[in-house]
Amino acid sequence: MKYYQLFIDTDNNAETYNSVTDLLGLQPTESEKDKTSKDRYSTWMYMVTETETDPYFDFINNFLDILEPKFADLEKLGVTRDKILFWKLYEYDQQCGMEFHPQEMVRLGQSGIHLNIDCWTNNTEESTTA
């Protein structure tokens, strides 16, 4: 299973958070914790989940396609590029391998957005006995 997350740090203000939602045209992904936390508006997050049977999701290009035309408007809301983070969470079985294309990396680097990657083995009986 793979999870692709777009994080945007905000000023923990509901108006800013909702303005980011409206501007990007995406519904943020919220956890149960987010609904009760006093910091619920501090980080806007959108997540795409990819299973083994799903087609490849080109998260870097997809997320940049959403953001690039909106950078100026995001900055008006106080959201600078250093407050934006792409995260790939990767649950693997047997081997963790990733490949990134040079064009994606150039585009990501030019945008000034950080990329984080976390990997972990799944804990199924199958993966521990192989």
Side-chain angles (χ1 to χ4, degrees):
M1 186 83 70
K2 297 174 188 156
Y3 307 92
Y4 304 101
Q5 298 173 331
L6 165 58
F7 281 96
I8 299 175
D9 287 333
T10 66
D11 57 5
N12 201 28
N13 178 300
E15 186 176 330
T16 304
Y17 185 94
N18 292 328
S19 293
V20 169
T21 300
D22 294 341
L23 180 63
L24 298 182
L26 298 170
Q27 283 302 310
T29 306
E30 294 186 52
S31 69
E32 288 303 312
K33 177 186 163 255
D34 291 338
K35 294 177 183 177
T36 59
S37 171
K38 66 181 175 116
D39 297 326
R40 90 173 271 198
Y41 298 111
S42 64
T43 303
W44 186 97
M45 192 260 293
Y46 175 72
M47 182 170 67
V48 174
T49 302
E50 180 184 321
T51 66
E52 295 298 319
T53 59
D54 289 335
Y56 171 71
F57 179 69
D58 183 359
F59 76 105
I60 292 173
N61 284 315
N62 276 283
F63 288 171
L64 286 172
D65 287 347
I66 294 165
L67 292 170
E68 284 176 337
K70 313 286 185 182
F71 280 148
D73 292 327
L74 285 167
E75 287 185 18
K76 290 176 187 172
L77 296 173
V79 177
T80 53
R81 294 178 201 193
D82 63 329
K83 294 181 179 183
I84 301 172
L85 172 68
F86 294 176
W87 204 297
K88 178 176 183 172
L89 304 161
Y90 182 18
E91 178 184 33
Y92 67 95
D93 186 27
Q94 310 261 337
Q95 180 179 351
C96 178
M98 291 178 225
E99 177 179 334
F100 297 99
H101 297 280
Q103 296 90 343
E104 292 175 326
M105 295 292 92
V106 167
R107 188 175 177 201
L108 185 63
Q110 289 174 338
S111 74
I113 295 174
H114 290 238
L115 170 65
N116 284 6
I117 301 171
D118 277 345
C119 303
W120 69 94
T121 57
N122 68 26
N123 291 324
T124 64
E125 190 173 314
E126 234 176 67
S127 67
T128 58
T129 59

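For the numbers below, each heavy atom of this structure counts, side chains included, while hydrogens, waters and symmetry mates do not.
Distance check, rounded to the nearest 0.5 Å: CD1 of Ile66 to CG of Leu26 gives 4.5 Å. Between atom OG1 of residue Thr29 and atom CZ of residue Phe7 there is a gap of 9.5 Å, rounded to the nearest 0.5 Å. Within the model, atoms CE of Met47 and CG of Leu6 stand 12.0 Å from one another, a figure rounded to the nearest 0.5 Å. Between the OH atom in Tyr17 and the CD1 atom in Ile8 there is a gap of 10.0 Å [rounded to 0.5 Å]. Note: Leu115 CG to Leu85 CG = 8.0 Å, rounded to the nearest 0.5 Å. A distance of 8.0 Å separates CG in Leu67 from OG in Ser111, rounded to the nearest 0.5 Å.
By the 4.5 Å heavy-atom criterion applied to side chains, Arg107 and Ile113 are not counted as neighbours. Looking at Glu75 and Arg81, their side chains come closer than 4.5 Å, going by heavy atoms from C-beta outward.
When each of Tyr4, Trp87, Phe86 is tested with Phe63 by the rule ring pair (Phe, Tyr, Trp, His ring centres under 6.0 Å), just one qualifies, namely Phe86. Glu50 pairs in a side chain to side chain contact (heavy atoms under 4.5 Å, CB included) with only one of the listed residues (Tyr3, Phe57, Phe59), which is Phe57.
Sparse packing is recorded around CD of Glu15, with 12 or fewer heavy atoms of other residues, nucleotides or ligands lying under 6.0 Å away.
The shortest non-hydrogen separation linking Lys38 to Asn12 is O-ND2, 3.3 Å.
Using a 30° and 60° split on the angle between ring planes, Tyr46 and Trp44 fall in the parallel class, below 30°.
Ser19 and Asp22 form no side-chain donor-acceptor contact under 3.5 Å, judged by distance and modelled atom types alone.
No donor-acceptor distance shorter than 3.5 angstrom exists from the side chain of Glu104 to the backbone of Ile60, with no hydrogens or angles considered. Checking side-chain atoms of Asn13 against main-chain N and O of Thr16 turns up a donor-acceptor pair under 3.5 Å. Judged by distance alone, with hydrogens and angles left aside, the side-chain atoms of Thr10 form a donor-acceptor pair with the main-chain N or O of Tyr41 at under 3.5 Å.
Residues Met1 and Trp120 fall within the same hydrophobic cluster, defined by Ile, Leu, Val, Met, Phe, Trp and Tyr side chains chained together at heavy-atom separations under 4.5 Å.
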